[in-house]
There are 2 protein chains.
Amino acid sequence: MSDTSLRTQVYDSLRQALTTGRFAPGQKLTFRFIAGALGVSLTPVREALGRLVAEGAFEMQPNRSVRVPLMTRARIEELRDIRKSLEGLATAKAAMVADKRQIAELRRIALAIATARSHGDDATDRQHVREFHFSLYGIAGQPILLRVIEGLWLQTGPYMNLLYPDFINRPHGPQTRARIIRAMQARDAVAARREIENDIDRALSYIAELADDAGNIAPAAPKAGVGRRRGTAMTSLQFDYVQ
Amino acid sequence: MSDTSLRTQVYDSLRQALTTGRFAPGQKLTFRFIAGALGVSLTPVREALGRLVAEGAFEMQPNRSVRVPLMTRARIEELRDIRKSLEGLATAKAAMVADKRQIAELRRIALAIATARSHGDDATDRQHVREFHFSLYGIAGQPILLRVIEGLWLQTGPYMNLLYPDFINRPHGPQTRARIIRAMQARDAVAARREIENDIDRALSYIAELADDAGNIAPAAPKAGVGRRRGTAMTSLQFDYVQ
DNA sequence: CCGTCCGATTTGTGATCACAAATTTCGTTG
DNA sequence: CAACGAAATTTGTGATCACAAATCGGACGG
């Protein structure tokens, strides 16, 4: 384990909560609420939130309180174009250097996605989709690029559960991953990039339209409550529930 | 003024110091040193440094102390490719929407660069170069993209002073900016993007070679001392000197 | 002269306290 | 009954304290 600081644990907890859709766009959070929910003092919460605000995962109002950014069409489309550019770049570089073992790993994850999807298990589906993308980008061996992409996923995270279940059951998903793997085998960086860019474009354009339908308004922000946990071994902080 | 918090002032001071080359790659810094130099407590320094580490402007060693990342060829080339991709994207979007007033502003800044350069004033030269690029990218009206690009500039900042004075006096610089402005007038997004990408490629490829020549080693890291300042009006914290 | 060990110092991390600014609450008034 | 305003509460910010882990500095032995 590399970093066991509380600050990092709080950061990971919030990141996990964001990417699994436990916070709604527009939802407000207070430092003390999070600190109480995770059973830590304000200090690590401030540092974690400061970083998340810097990354754009939360917005800090000019005065008080942080909140999850609202879902607007312009925002989604901007994230879409940046992600296409950078994840396309990572995919192209990966395609040029991937070896058989790495490609086999991608195939394994693609299968796991198909399995979870056939069972209607959205949670593990999303988890495996993330795993597939970051395994792919990791092959490129570009640590700075990877970190920037992680920041972008963090910002799109709260919206991605809107893809379930309608969008996800369209027929292009499995084909896209199969085509990417085929392009990687052929060392065809151009084709691999094109497939990834199309994939991102379809998903985020779909969400952008949803944002339009909703009148650029966030879903009703749920009020949040939590269970205290003052555990013995605080190996991973976790939000007990966010109602 | 939007954010007057000490944390932000410390962040800006460190950012300024980094991008003006006051810290050498590889240089180590302690929290207490920075706090003492700027006359604040540890708290705002920790938050500012946490953010800078998250952005990659500093590295936190697994154990103690933060330091400016070393200049390696791989790192420079990675930053080069990411910057080409994203600043190319911003330039293309800007070219599609720029109005006459915005283009005139770019021309004004380009002239200011030429003036500073003819006087051999490297400091204002660099400042205006930054101004030119961010004015250009700002035209695109993409706040998320702009923030990511700022993070990338922060990471390339410590190396950019290596462009002076040799690289800067090559003849392609002024021509590039003139060509960009011409492409913007013609609403030629493809040409504008090409010019920016070439510009970034030349500069960072030049630095990448320097990193190679230096054997992937940082310049001698100067030991740092500072003057205390416990001023009355602490409107902008500043490192007095870093020897 | 070089390597190794042990005590002293330095350094990052987290908790707690203090405080000003913002928000909320609630009584009063038109 | 809506609108205003003052008191009470909430909330982020910064400073300070405490502590464990890492680093540093010599003393010692080879």
Side-chain angles (χ1 to χ4, degrees), chain A residues 1-14 26-54 57-68 221 223-226 228-237, chain B residues 1-14 26-54 57-68 221 223-226 228-237:
Chain A
M1 193 179 308
S2 50
D3 188 354
T4 61
S5 65
L6 276 183
R7 152 178 34 102
T8 301
Q9 292 182 51
V10 172
Y11 176 84
D12 289 340
S13 298
L14 288 168
Q27 179 173 354
K28 289 196 333 189
L29 292 171
T30 65
F31 288 31
R32 283 172 172 84
F33 164 74
I34 296 170
L38 300 177
V40 299
S41 82
L42 282 179
T43 310
V45 171
R46 284 163 60 179
E47 301 192 24
L49 272 180
R51 175 167 172 183
L52 288 163
V53 168
F58 286 102
E59 282 173 350
M60 178 133 262
Q61 305 294 84
N63 304 329
R64 282 296 193 278
S65 79
V66 294
R67 67 173 201 181
V68 183
K223 285 213 66 155
V226 289
R228 300 296 132 101
R229 64 166 54 210
R230 261 278 172 209
T232 52
M234 190 183 303
T235 55
S236 79
L237 306 177
Chain B
M1 193 181 307
S2 51
D3 188 353
T4 61
S5 65
L6 277 183
R7 154 179 31 104
T8 300
Q9 292 182 50
V10 172
Y11 176 85
D12 289 340
S13 298
L14 289 169
Q27 179 172 357
K28 289 197 335 187
L29 292 171
T30 66
F31 288 32
R32 284 172 172 85
F33 164 74
I34 297 170
L38 300 178
V40 300
S41 81
L42 282 179
T43 310
V45 172
R46 284 164 60 178
E47 301 192 24
L49 273 180
R51 176 169 172 183
L52 288 163
V53 168
F58 286 103
E59 282 175 350
M60 177 134 263
Q61 305 294 83
N63 305 328
R64 283 294 194 278
S65 80
V66 294
R67 65 173 203 181
V68 183
K223 286 215 64 158
V226 290
R228 299 296 133 104
R229 64 165 54 207
R230 262 277 170 212
T232 51
M234 191 184 303
T235 54
S236 78
L237 306 178

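All values below were derived from every heavy atom in this structure, side-chain atoms included, with hydrogens, water molecules and symmetry-related copies excluded. The shown structure was predicted, so the numbers you read here are calculated from the model rather than taken from an experiment. A, B, ... follow the sequence lines: proteins, then strands. Residue 1 opens every chain.
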Rounding to an integer number of Å, can you tell me how far [X] [atom1] sits from [N] [atom2]?
| X | N | atom1 | atom2 | value |
| --- | --- | --- | --- | --- |
| B/Leu38 | D/dA15 | CG | P | 11 Å |
| A/Met60 | C/dA22 | CE | P | 13 Å |
| B/Tyr11 | D/dT13 | OH | P | 16 Å |
| A/Leu6 | C/dT13 | CG | C1' | 8 Å |
| B/Phe31 | D/dG14 | CZ | C1' | 16 Å |
| A/Glu47 | C/dT13 | CD | C1' | 8 Å |
| A/Phe33 | D/dT10 | CZ | P | 16 Å |
| B/Leu42 | C/dT16 | CG | P | 18 Å |

For this session: Would you indicate what B/Thr43 reaches in the nucleic acid, counting non-hydrogen atoms under 4.0 angstrom: base, sugar-phosphate, or nothing?
Result: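 Base contact.
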Problem set entry | Closest listed nucleotide, where the reference is the side chain of B/Ser41 and the choices are D/dG12, D/dT16, C/dG12 |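 Closest nucleotide among those given: D/dT16.
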Problem set entry | The single option from B/Leu38, B/Thr43, B/Leu49 passing side-chain contact (heavy atoms from CB on, under 4.5 Å) against B/Val10 |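 For B/Val10, the side-chain contact (heavy atoms from CB on, under 4.5 Å) check succeeds only for B/Leu38.
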Minimal non-hydrogen separation, [X] against [Y], with atom names:
| X | Y | value |
| --- | --- | --- |
| B/Ala35 | B/Ser41 | CB-O, 3.8 Å |
| A/Gln9 | A/Thr4 | NE2-O, 3.0 Å |
| A/Phe31 | A/Val45 | O-CG1, 3.7 Å |

Exercise. Between A/Val66 and B/Pro44, which is nearer to the 5' end of DNA chain D once each is assigned its nearest nucleotide?
Worked result: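 Taking each residue's closest nucleotide, the earlier one in sequence belongs to A/Val66.
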Exercise. Are the side chains of B/Val66 and B/Lys28 in touch, meaning some heavy atoms are under 4.5 Å apart?
Worked result: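 Side-chain contact under 4.5 Å: no.
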Problem set entry | Side-chain heavy-atom pair B/Ser65, B/Leu29 within 4.5 angstrom cut-off |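 B/Ser65 does not reach B/Leu29 side chain to side chain.
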Exercise. With sequence neighbours left out, which residue pairs that include part of residues 38-47 of chain B fulfil the salt bridge (charged side-chain N to carboxylate O under 4.0 Å, His left out) condition?
Worked result: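 Sorted result for residues 38-47 of chain B: A/Arg46-B/Glu47, A/Glu47-B/Arg46, B/Arg7-B/Glu47.
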Show the distances under 3.5 angstrom between N or O atoms of the protein and N or O atoms of nucleotides 19-21 of chain C.
from   : atom 1 : to      : atom 2 : distance (Å)
C/dA21 : N3     : A/Arg64 : NH2    : 3.3

Exercise. Within the modelled atom types, does a donor on one side and an acceptor on the other bring the side chain of A/Arg46 and the base of D/dG14 under 3.5 Å apart?
Worked result: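 Flag set: donor-acceptor pair detected.
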For this session: Just jot down the side-chain hydrogen bond (donor to acceptor under 3.5 Å, both in side chains) partners of A/Arg67, sequence neighbours excluded, or say none.
Result: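 A/Arg67: no side-chain hydrogen bond (donor to acceptor under 3.5 Å, both in side chains) contacts found.
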Exercise. For the helix from C/dC1-D/dG30 to C/dG30-D/dC1, what angle lies between the axis at the first five pairs and the axis at the last five pairs, to 10 degrees?
Worked result: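 Roughly 10°, once rounded to the nearest ten degrees.
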For this session: Evaluate the criterion side-chain contact (heavy atoms from CB on, under 4.5 Å) for residue pair A/Val53 and A/Glu59; output intermediate values, then yes/no.
Result: CA-CA 6 Å; A/Val53 168; A/Glu59 282 173 350; over 6 Å; no
